[in-house]
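All chains are named by letter (A, B, ...) in the order of the sequence lines, taking the proteins before the strands, and each is independently numbered beginning at 1. Just so it is clear, the model here is predicted, and its values are computed rather than measured.
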Number of protein chains: 2
Amino acid sequence: MEYKEYIEKFFNQGHKHYLSHISIDCVVFGFHENELKVLLLNMKNLNSWVLPGGFILKDEEMETAVKRILTERTGLTDIFLHQFQTFGGLSRSSFTVPELFFKNLQIKKDSWMFDRFISVGYYALVEYSKVKPIPDILSEKCEWFNVHDLPELAHDHRHIFDEAWQSLRFWINHYPIGYNLLPEKFTMPDLQKLYETILDRKLDRRNFQRKMLATGILNRLNEVKPGVAHKAPYLYTFNIAAYEKTLKTGFGFAL
Amino acid sequence: MEYKEYIEKFFNQGHKHYLSHISIDCVVFGFHENELKVLLLNMKNLNSWVLPGGFILKDEEMETAVKRILTERTGLTDIFLHQFQTFGGLSRSSFTVPELFFKNLQIKKDSWMFDRFISVGYYALVEYSKVKPIPDILSEKCEWFNVHDLPELAHDHRHIFDEAWQSLRFWINHYPIGYNLLPEKFTMPDLQKLYETILDRKLDRRNFQRKMLATGILNRLNEVKPGVAHKAPYLYTFNIAAYEKTLKTGFGFAL
DNA sequence: CCAAAAGTGTTAATATTACACCCATGA
DNA sequence: TCATGGGTGTAATATTAACACTTTTGG
């Protein structure tokens, strides 16, 4: 049984390969059908949902670890990442699980996995349609959830999610967003929906467009969105050079 | 020799008490004579300056650890803290030191202190005049430096400092500041100097005053600063209730 | 009595918000 | 042809920036 072996090795030997006491938790945001989504995992045998996460190899950059973890969960490379907070609460977890989880498993009582962890929180922005959610070895399901309709989360993951979303809301008032969340070509209404969804409030159509165009990060194409009812909206792409530049400098406006 | 014993115990036994692979680095800001200051330590035997830092006890909240560390360095309790970033670079340090540091010391080659560390960065705001800088066991000196005139820092501490200052600059555009950096009674020019020093640019006297008063976090006293040449400025205190409230909600203006 | 610093108010510029009309399209 | 959503411009308001005169005081 490959699973059994893997788990046992992970619990009993993992500390030889990974930094102990340190974990990574990721809040992966996607945008689909005008809804902001988050990727969650359902742990095997336990019926609990958790954020995707993992550990840092001893000879691995922290950010490389995050990318590795997220590539495993989503199939994507080149993911936008933002480190938003590190969680150090004493009671935040320890990997406490009911006995049944370990039936048939030979796991040492002093496994590194039962130690206390400090967790570094990252949020990621990904293009929903390109993601192939892949459960990890400990989990059964990997699914998208609407941010307004999350299941109960284990440990302090609800808190981590809340902090991530808040951080994201703050971020988009200062830095451009969308390149990582939208398809290559998108419409102004698409972009506005994205902002509205993240900020969780309505924005004025005309003012939004004016501000966005003023940032200079958009290219309007000589195409309109095909196959829509009513007047077809223009398609846009991001002006990557300007976008990247603004990612560094920030623009100072509030939507 | 107490020092020798302590160091040996710390290097050889510390992993039993502290979380391995995790450190804390603090950027302690003070304000004195219209200069923004940072507290640095000079390591014994090495002539290198570092940020104050430390480790987390296995049964200690992370924030409690930071407070403990800073109380040891400054003599203060109740310090304003802000976690600004976590540093996970592979090459960021490891505690590499020249051989001479270990002359006469019996330290195991596999001491936890030679492992790789992920470091959680906090900045602290303290009232300069109340601080009694106290070196730690590994260091010889603990001194204030003007932020514009820092010595060379070991490891990636210059980078950590830069990120802290940047984070602080960002912070003060959204949240009140000063309660932890100024004496209880202060003048409007004092407060302005503080802002100017942190932001590293001049502000308009009149507009500054208007905005500050508009926030409602200040109480003007019926006293003026004694013993000054020229017209004496009013003294202010912070309205703690309003200050604390604004610390949570933030005010949205840019200086 | 004057230089130097502090207190205060007004005006101009800019940014933000609110709002209304026309256009294109598929049903 | 009409209901729906998209494109655009302008006026009102709020915020920010620029700026000048008066007051106080120690030397």
Side-chain angles (χ1 to χ4, degrees), chain A residues 33-34 169 172-176 178 182-183 185-197 199 201-237 246 249-255, chain B residues 33-34 169 172-174 176 178 182-183 185-197 199-237 246 249-255:
Chain A
E33 290 178 346
N34 294 335
R169 273 196 294 257
I172 68 171
N173 277 322
H174 299 272
Y175 298 94
L182 294 171
K185 295 178 182 182
F186 54 90
T187 68
M188 192 61 76
D190 289 339
L191 186 61
Q192 184 177 340
K193 292 274 169 44
L194 172 60
Y195 272 81
E196 288 182 338
T197 306
L199 293 171
R201 64 190 172 89
K202 287 265 170 257
L203 299 172
D204 182 275
R205 206 159 56 87
R206 293 152 283 197
N207 297 334
F208 179 81
Q209 164 146 325
R210 190 178 321 121
K211 271 194 179 164
M212 276 299 150
L213 292 176
T215 65
I217 62 173
L218 295 177
N219 296 323
R220 177 186 283 188
L221 305 180
N222 287 322
E223 311 173 52
V224 293
K225 184 166 182 175
V228 295
H230 321 304
K231 183 168 184 176
Y234 288 106
L235 287 173
Y236 291 84
T237 58
T246 312
T249 62
F251 41 64
F253 66 77
L255 294 160
Chain B
E33 290 179 345
N34 295 334
R169 272 195 296 257
I172 69 172
N173 278 322
H174 300 272
L182 293 172
K185 296 178 182 181
F186 54 90
T187 67
M188 192 61 77
D190 289 339
L191 186 61
Q192 184 177 339
K193 291 274 169 44
L194 173 61
Y195 272 80
E196 289 182 337
T197 306
L199 293 171
D200 212 15
R201 63 188 171 88
K202 287 265 168 259
L203 300 171
D204 182 274
R205 205 159 56 85
R206 294 151 285 195
N207 295 334
F208 179 81
Q209 164 146 326
R210 190 177 322 119
K211 271 192 178 166
M212 276 298 150
L213 292 177
T215 64
I217 63 172
L218 296 178
N219 296 323
R220 179 186 282 189
L221 305 179
N222 288 322
E223 310 174 52
V224 292
K225 185 167 182 175
V228 294
H230 320 305
K231 182 167 186 174
Y234 289 107
L235 288 172
Y236 292 84
T237 58
T246 312
T249 63
F251 40 63
F253 67 78
L255 294 160

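Using a 4.0 Å heavy-atom distance criterion, B:V228 is classed as a sugar-phosphate-only contact.
Annotation: side chain to side chain donor-acceptor pair (under 3.5 Å) contacts of B:D190 (sequence neighbours excluded): B:T187. Here B:R206 pairs with B:D204 under the salt bridge (Lys or Arg N to Asp or Glu O under 4.0 Å) rule; sequence neighbours left out.
The side-chain hydrogen bond (donor to acceptor under 3.5 Å, both in side chains) analysis of residues 220-235 of chain B, with sequence neighbours excluded, yields the pairs B:K185-B:E223, B:R220-B:Y236.
The phosphate of C:dA6 has neither OP1 nor OP2 within less than 4.0 Å of any side-chain N or O from B:Q209.
Taking each heavy atom of A:Y175 and A:T249 in turn, the nearest pair found is CE2-C, 4.2 Å. Considering all non-hydrogen atoms of both residues, B:T246 and B:F251 come closest at CG2-CD2, 3.1 Å.
Atom NZ in A:K211 sits roughly 18 Å away from atom P in D:dG9 (whole-Å rounding). B:M212 has its CE atom 12 Å from the P atom of D:dT16, to the nearest Å. As a whole-Å value, the separation of B:N222 CG from C:dG7 P is 14 Å.
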Every protein N/O lying under 3.5 Å from an N/O of nucleotides 9-11 of chain C:
from: C:dG9; atom 1: O6; to: B:R210; atom 2: NH2; distance (Å): 3.1
from: C:dT10; atom 1: O4; to: B:R210; atom 2: NH2; distance (Å): 3.3

Is there any protein nitrogen or oxygen under 3.5 Å from a nitrogen or oxygen in nucleotides 1-6 of chain D, and what are the pairs?
from: D:dT4; atom 1: O2; to: A:H230; atom 2: ND1; distance (Å): 2.7

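In this structure the side chain of B:L218 reaches within 4.5 angstrom of the side chain of B:M188, judged on heavy atoms.
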Compile the donor-acceptor pairs under 3.5 Å between side chains in residues 208-215 of chain B and protein atoms, sequence neighbours left out, one pair per line.
from: B:R210; atom 1: NH1; to: B:N207; atom 2: OD1; distance (Å): 3.3
from: B:R210; atom 1: NH2; to: B:N207; atom 2: OD1; distance (Å): 3.4
from: B:K211; atom 1: NZ; to: B:A254; atom 2: O; distance (Å): 2.7
from: B:T215; atom 1: OG1; to: B:M212; atom 2: O; distance (Å): 2.5
from: B:T215; atom 1: OG1; to: B:I217; atom 2: N; distance (Å): 3.3

